[in-house]
Amino acid sequence: MMPAWLAALNPGWLMILVGIAALFISHRQIRQVLTVGTPIAAIALLVMAPHEVDLLTAEALDITFSFYRVDSLNFIFGLAFLIASLLNAIYALHTNNPRQDGMALAYAGAAVSASFAGDLMTLFIFWELTAITSVFLVLQAGTRAAYFASMRYLVIQILSGVILLDGLSYVWRYNGSLSIEAFQSFSDPGAIYIFIALGIKAAFPFMHNWLQDSYPKASVVGAVVLSAFTTKLAVYGFARLFPGFDALIWIGAIMTIFPVFFAVIENDLRRVLAYSLNNQVGFMICAIGVGAAGIGNPLALNGASAHAFAHIIYKALLFMSMGAVLYRTGTTKASELGGLYRSMPWTTLFCIIGGLSISAFPLFSGFVAKSLTMSAVAYEGVSDAGMVVVWLMLLFASAGVLEHSGIKIPYFAFFGHDSGKRVKEAPFNMLLAMGMAAFLCIAVGLPAIIPGFGYQWLYSLLPYPVEASSYQPFTLEHILTQMQLLILATFAFILLKRFALYPAEKPGTILDTDWFYRKAGYGFVQWSGTVWGKMGPAMSTIFTRLAERTFKRLESAFSPRGEIARGGLSGGASIWTAVILAAVLLLSFLSS
Amino acid sequence: MSNDTTPPARDTSGRFVKSAAEKVNAMSRTPDDGIHPMSRVLFGWTEKKGIGGIIFWGMAALSVILVLLDLVVPRHEKIGIANAVGFYALWGFGAFSFVVLMGWPLGKLLRRDENYYGDLSGPPADIDPAIADRLNAGEPKAFEGEE
């Protein structure tokens, strides 16, 4: 039995405290022991924590704060965050950067703390902390582009926090409580604000571009760290607050589709992964929306949670492999890469495992996770024709995932046209982190030959473990249909390459919705500035003349040399006397 | 930890953990010609002559077999259309081809100059110092956007 103070120690808080301390520890080895050791200690704390109990509460300003509450939904998100944090720490061992180490740990801690928050105010505080800590990971790249991107990132992240605060103010005003409970409809007080705040962080369509703007410009390590937390915290937020909201089904389905088209023409492979992240979060958002009564709800929420867990690991793995390529070659542009398998075979192998996982090949984690969502949507499709369309969209997006993450990333980086780059294999610590992530991708995706292991281990962690245990991903027809989808799609790639129909990778900037604020918005502000620059002096002249004239009039009337002071009923003085008399009469009339 | 710029002094430090890590690192070290020994083991087969044809026809055969298996494996899809023979195969092939072929018009429509936003920068600060030095010395092109 754990002592009470230890049981009340939120693993996220531990990570934040150690992260802040790490900022000031210049001794590299000590800092690295902390960055690797703390996530391990935090995982131990979480595993031992009792569920469904407020482990740390406080009362202030009539609000009951619940800082640490574990249940079956946030457990799996918290665990995935902590595992990602451990992998990140190992991946960063070759660096000597206290700020990056500290902020990465604190950022992960903030995401963990937010997911264990039992009230909206605590959620808000750590929500904002994820924004503040993560921006340093973009800044650590040290380039001009990263600096500007980080400022845009910060503005959008803080905006999300402000809208969340707005929403929770409504909740507090009308409900008198801030405890985290699922909303029933958009007409609930504050629901729409909180929905938008979460939507920004989940990178909903048209709110998504902060992600593609900032993550690919982050440092090698920074992009890996960033990929795990913010969007999945938002996914958790939706699962907690908006399960079964129909809007999420369509938003999620659109999210799975549109990034696929951007990813195919994007040249920067880290940016391709950022689009891929959008697409994957779309599956989770869609699953959360499929929260209808009956079997749909547990199956779909299980799907979203399992997908989030698997995704955090394989997405980190893919970002790690591209980070290793960037580290050794100085670029992730597909047009400058190719043939790297000769120099980086281990990185190639791990990247392929990440690609197979995200594409949901049987025996890899994506398969057992995505199957839950697809089955839940298909189940709804029996009674709802609209859901058939959604199911077809998700199936379309599944082929799209294979295109950009399963084939494009490994093919153009490591195979394809030989760039002639002969570099060293990634540093050992990077390979170790990638190897661990690859192991998890396979371990979680295997059939449960030994009961309780393989996919059953993952399923036992899901919010509805009983329902999950009755779900069988490894049926003959399921494996067959999935292989048909993936193998025929792969064959399409081979055909298109053979007949030179696959568009060549070209350097360039792909326009996306950030154009509206980076070009159109910025242009408008510049234009306004120019207009103001020209109008300003002209208007100043008018105002100055007007003020001068008014002053002269008043002075000629009231100054010691003025007409009133001179006495006598000259024209001006008589008028002013009449005006003042009228004012006095009016005042006395009104006050009587 | 262990990286490739490790000074030789670390090899003789005598500490067990460090020497073990160094050994593992040495096993995965790329020789001067840049061809890693493991690459031949893992991916040497991709360089064999005629492998393109083998992959092409192998995948074609596999595709046909997978579609034909639909005729013998009983399916119980919730969504009616999915029960059609070869549905998943067709959908996968069609979706993939559509996405890739859309890349042609979309590329023309949306691709702009690399420095379109005027913030083109080089790689991040934490890349391999050896590569960073080389990029700074020999290939200033990547830094054109820098002031």
Side-chain angles (χ1 to χ4, degrees), chain A residues 93-95 141-145 148 219-221 260-261 264-265 326-328 330-331 341-343 345-346 349 378-379 381-382 388 391 395-396 399-400 403 422 424-425 427-429 431 476-477 480-481 483-492 494 496 498 502-503 507-511 518, chain B residues 1-4 21 24-25 28-30 33-36 38-39 42-43 46 55-56 59-60 62-63 66-67 69 73 75 78-79 88-89 91-93 95-97 99-104 106-107 110-114 116-117 119-128 131-132 135 145-146:
Chain A
L93 283 177
H94 67 285
T95 63
T143 60
R144 207 170 109 87
F148 288 121
S219 64
V220 169
V221 173
V260 164
F261 293 100
V264 76
I265 49 175
L326 178 61
Y327 180 76
R328 284 304 193 205
T331 183
Y341 78 90
R342 295 176 181 85
S343 305
W346 289 112
L349 180 68
Y379 183 86
V382 174
V388 176
W391 184 80
L395 208 59
F396 179 94
E403 198 290 311
R422 297 291 178 265
K424 290 177 186 164
E425 176 57 283
F428 175 70
N429 64 295
L431 292 177
L476 183 58
E477 65 174 310
L480 173 66
T481 51
M483 288 305 284
Q484 285 175 339
L485 182 85
L486 295 174
I487 294 296
L488 266 290
T490 310
F491 184 59
I494 295 169
L496 291 164
R498 201 176 176 94
Y502 196 99
T509 301
I510 302 298
L511 299 187
R518 292 182 69 185
Chain B
M1 273 291 274
S2 51
N3 68 14
D4 298 306
V24 177
N25 194 22
S28 63
R29 188 160 287 167
T30 316
D33 65 355
I35 311 285
H36 194 288
M38 276 309 287
S39 73
L42 289 171
F43 305 108
T46 60
I55 291 175
F56 181 84
M59 286 297 285
L62 185 59
S63 303
L66 283 170
V67 175
L69 275 175
V73 176
R75 301 233 311 268
K78 299 272 189 309
I79 289 172
Y88 284 90
W91 195 259
F93 187 89
F96 194 101
S97 307
V99 167
V100 170
L101 293 175
M102 280 300 285
W104 293 99
L106 282 176
L110 297 174
R111 189 177 288 115
R112 297 288 184 277
D113 179 63
E114 248 188 319
Y116 179 71
Y117 290 116
D119 63 351
L120 183 67
S121 298
D126 62 342
I127 61 165
D128 189 351
I131 304 295
L135 286 174
E146 289 283 302

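Letters A, B, ... mirror the listed sequences (proteins, then strands); counts begin at 1. Quantities reported herein were computed from a predicted structural model and do not represent experimental measurements.
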Review point. Once you round to the nearest 0.5 Å, how far does OG1 of Thr481(A) lie from CZ of Arg75(B)?
Key: 6.0 Å
Revision key, fill the gap. When the 4.5 angstrom heavy-atom criterion is applied to Leu496(A) and chain B, the contacting part is side chain
Revision key, fill the gap. Looking only at heavy atoms, the pair that brings His36(B) and Ser343(A) closest together is CB-O, 3.7 Å
Practice item. Could you grab the distance from atom CD1 of Ile55(B) to atom CD1 of Ile494(A), nearest 0.5 Å is fine? Key: 6.5 Å
Revision key, fill the gap. Most contact-rich option vs chain A, by heavy-atom pairs under 4.5 angstrom, among Ser97(B), Ala95(B), Ala89(B), is Ala89(B)
Study note, to complete from the structure: Shortest non-hydrogen pair, Ala378(A) vs Ile79(B), comes out as CA-CD1, 3.8 Å
Review point. Hey, does the side chain of Thr509(A) reach the backbone of Glu114(B) with a donor-acceptor pair shorter than 3.5 angstrom?
Key: yes
Point to revise | Heavy-atom proximity to chain B below 4.5 Å, by part of Ser219(A) | key: both
Review point. What residue in Gln484(A), Arg422(A), Arg498(A) has the most heavy-atom pairs under 4.5 Å with chain B?
Key: Gln484(A)
Practice item. Check whether Asp113(B) gets within reach of chain A through its side chain, its backbone, both or neither, counting any heavy atom under 4.5 Å. Key: backbone
Exercise for review: Give, as side chain, backbone, both or neither, the part of Val73(B) having an atom under 4.5 angstrom from any heavy atom of chain A.
Suggested key: side chain
Review point. Where on Ile131(B) is there a heavy atom nearer than 4.5 Å to chain A: the side chain, the backbone, both, or neither?
Key: side chain
Review point. Chain A heavy atoms under 4.5 Å from Leu69(B): which part of the residue, side chain, backbone, both or neither?
Key: both
Exercise for review: Return the minimal non-hydrogen interatomic distance between Val67(B) and Leu488(A), and the atom names on each side.
Suggested key: CG2-CD2, 4.4 Å
Exercise for review: For the pair Asp126(B) (side chain) and Thr95(A) (backbone), establish whether a donor and an acceptor sit closer than 3.5 Å, ignoring hydrogens and angles.
Suggested key: no
Review point. Side chain to side chain contact (heavy atoms under 4.5 Å, CB included) between Tyr88(B) and Leu395(A): does it pass, once the steps are laid out?
Key: CA-CA 9 Å; Tyr88(B) 284 90; Leu395(A) 208 59; 3.9 Å; yes
**Study point:** Plane angle bin for Phe93(B) and Phe491(A) - parallel if under 30°, tilted between 30 and 60°, otherwise perpendicular
**Key:** tilted
Check your understanding: Can you find a pair of side-chain heavy atoms, one from Phe396(A) and one from Val99(B), that are under 4.5 Å apart?
Key -> yes
Check your understanding: When you check the gap from the basic side-chain N to the acidic O, do Asp128(B) and Arg328(A) get nearer than 4.0 Å?
Key -> yes
Check your understanding: What part of Val264(A) lies closer than 4.5 angstrom to a heavy atom of chain B: side chain, backbone, both or neither?
Key -> side chain
Check your understanding: So which heavy atom on Leu326(A) is nearest to which on Pro124(B), and how close?
Key -> CD2-CG, 3.6 Å
Point to revise | Interface residue of largest heavy-atom contact number with chain B, from Leu476(A), Leu480(A), Val260(A), under 4.5 Å | key: Leu480(A)
Practice item. Answer yes or no: is there a donor N or O on one side and an acceptor on the other, between the side chain of Glu403(A) and the main chain of Phe96(B), under 3.5 Å? Key: no
Check your understanding: Is the shortest heavy-atom distance from the side chain of Pro123(B) to the side chain of Thr331(A) under 4.5 Å?
Key -> no
Exercise for review: Begin with the C-alpha distance, continue with both residues' side-chain angles, and end with the deciding distance and a verdict on side chain to side chain contact (heavy atoms under 4.5 Å, CB included) for Leu511(A) and Tyr117(B).
Suggested key: CA-CA 10 Å; Leu511(A) 299 187; Tyr117(B) 290 116; 4.1 Å; yes
